[in-house]
Amino acid sequence: MTATMLTERDWLLRAEIYAHFVALGRAPTAGEMAHHLGSTEGDLQAAFQRLHEAHQILLDEAGAIRMANPLAGQPTDYAVLSSDGRHSGGCCLWANCAWDALGVSAMLAQDARIVAKHPNTGEELHFAVEKGELRAPKSWLVHFALPVRRWYDDLIHT
Amino acid sequence: MLLFRSEEEVAIWVARTAEPRGQCVPIASVWQLAQLWYRGRLSAAYRGHSAEQAEAIFAAVGLTGEFWRFSSPD
């Protein structure tokens, strides 16, 4: 399935998922979205699957939201804290990767503090967006392991 | 997409993990990319990026070439 095959209701659900994700500080469940939209959990799970197949979200094997890029449905090596150090749903939002950590700030149009775990040493790496400007050493870089045509082969690994 | 402080750290990671060596992008460019890619993602009007739109975003921050294309030229 491609994104062009999604219905308007599917796209509305996508936006609602993102809104709930940000408000809760975690991925909403199909049951929560069904309650919110006055639908059944089965209908919502089927819609989750359509969004998954169209690469708008990524579900885990149990059908729960694992990714709604740039947001991660579980703790990762990239914690994004709002500029005051808190989000409404708890301590932080989790991003899927370094690009997505900055993507959370961009998506929310909010400054952010990011705490990343070094891939080799496990050290904490701190950087931030302040007044819309990146605050990080200029020498830092992000490694894109796979060419973009392979990104959807394995999003978790990418 | 992992964060490193230098290309030398990337080389260590590749040697340690046997992961493929891809491309390194300065974090300032990734911030530009993040803004172009994720701005508007919360909007109900968002309809995803087509391959052409995605490649245009990459090109806007200087990411061009085969690595940044969704399909190989025939």
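Proteins get letters first, then strands, A, B, ... in listed order; numbering begins at 1 in each.
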Tell me, for [X] versus chain B, whether the close heavy atoms (under 4.5 Å) come from the side chain, the backbone, both or neither.
X	answer
Leu134(A)	both
Pro137(A)	backbone
Ala116(A)	side chain

Side-chain heavy-atom pair Cys24(B), Val142(A) within 4.5 angstrom cut-off:
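The answer is no; the side chains never approach within 4.5 Å.
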Are any of the side-chain heavy atoms of Val25(B) and Leu141(A) separated by less than 4.5 Å?
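Of all side-chain heavy-atom pairs linking Leu141(A) with Val25(B), none is under 4.5 Å.
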Which heavy atom in Leu3(B) sits nearest to a heavy atom in Pro119(A), and how many Å separate them?
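Closest approach of Leu3(B) to Pro119(A), heavy atoms only: O-CD, 3.2 Å.
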Considering non-hydrogen atoms only, spot the tightest contact between Tyr78(A) and Leu2(B) and give its length.
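The pair with the smallest heavy-atom distance is OH-CA, 3.4 Å.
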Point-to-point distance, once rounded to the nearest 0.5 Å, from [atom1] of [X] to [atom2] of [Y]:
X	Y	atom1	atom2	result
Trp31(B)	Glu133(A)	CH2	CD	8.5 Å
Gln23(B)	Phe144(A)	CD	CZ	9.5 Å
Tyr46(B)	Gln56(A)	OH	CD	5.5 Å

Which atoms of Glu7(B) approach chain A - backbone, side chain, both or neither, heavy atom under 4.5 Å:
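It is both, since atoms from each part get that close.
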Under 4.5 Å from a heavy atom of chain A, the part of Arg21(B) involved:
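Its backbone and side chain both get close to chain A.
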Just checking His35(A): does its NE2 atom have more than 12 heavy atoms from other residues, nucleotides or ligands closer to it than 6.0 angstrom?
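Incorrect, the count does not exceed 12.
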Count the heavy atoms of every other residue, nucleotide or ligand shown that sit under 6.0 Å from CZ of Arg135(A), and state whether that count exceeds 12.
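Counting other residues, nucleotides and ligands, CZ of Arg135(A) exceeds 12 neighbours.
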So, Asn120(A) side chain and Glu9(B) main chain: donor-acceptor pair closer than 3.5 Å or not?
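Answer holds: yes.
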Strictly by modelled atom types, are His143(A) and Glu19(B) linked by a side-chain donor-acceptor pair under 3.5 Å?
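His143(A) vs Glu19(B): no donor-acceptor pair found between side chains.
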Using the rule that Ile, Leu, Val, Met, Phe, Trp and Tyr join whenever any side-chain heavy atoms are under 4.5 Å apart, tell me whether Phe70(B) and Phe67(B) fall into a single cluster.
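Cluster IDs for Phe70(B) and Phe67(B) match.
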Chain A contacts, top residue of Pro26(B), Ala51(B), Ala45(B), Gly65(B) (heavy-atom pairs, under 4.5 Å)
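Counting heavy-atom pairs under 4.5 Å, the top option is Pro26(B).
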Between chain B and each of Lys138(A), Met107(A), Lys117(A), Glu16(A), count heavy-atom pairs under 4.5 Å; write down the option with the most.
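So the answer, after comparing Lys138(A), Met107(A), Lys117(A), Glu16(A), is Met107(A).
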Between Ser139(A), Ala98(A), Ala19(A), Pro147(A), which shows the greatest number of heavy-atom pairs under 4.5 Å with chain B?
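So the answer, after comparing Ser139(A), Ala98(A), Ala19(A), Pro147(A), is Pro147(A).
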How would you list, in number order, the residues of residues 52-63 of chain B that have a heavy atom less than 4.5 Å from chain A?
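Result: Phe58(B).
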Neighbourhood of chain A inside residues 34-43 of chain B, taking heavy atoms under 4.5 Å as contact
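The residues closer than 4.5 Å to chain A, in numerical order, are Ala34(B), Gln35(B), Trp37(B), Tyr38(B), Arg39(B), Arg41(B), Leu42(B), Ser43(B).
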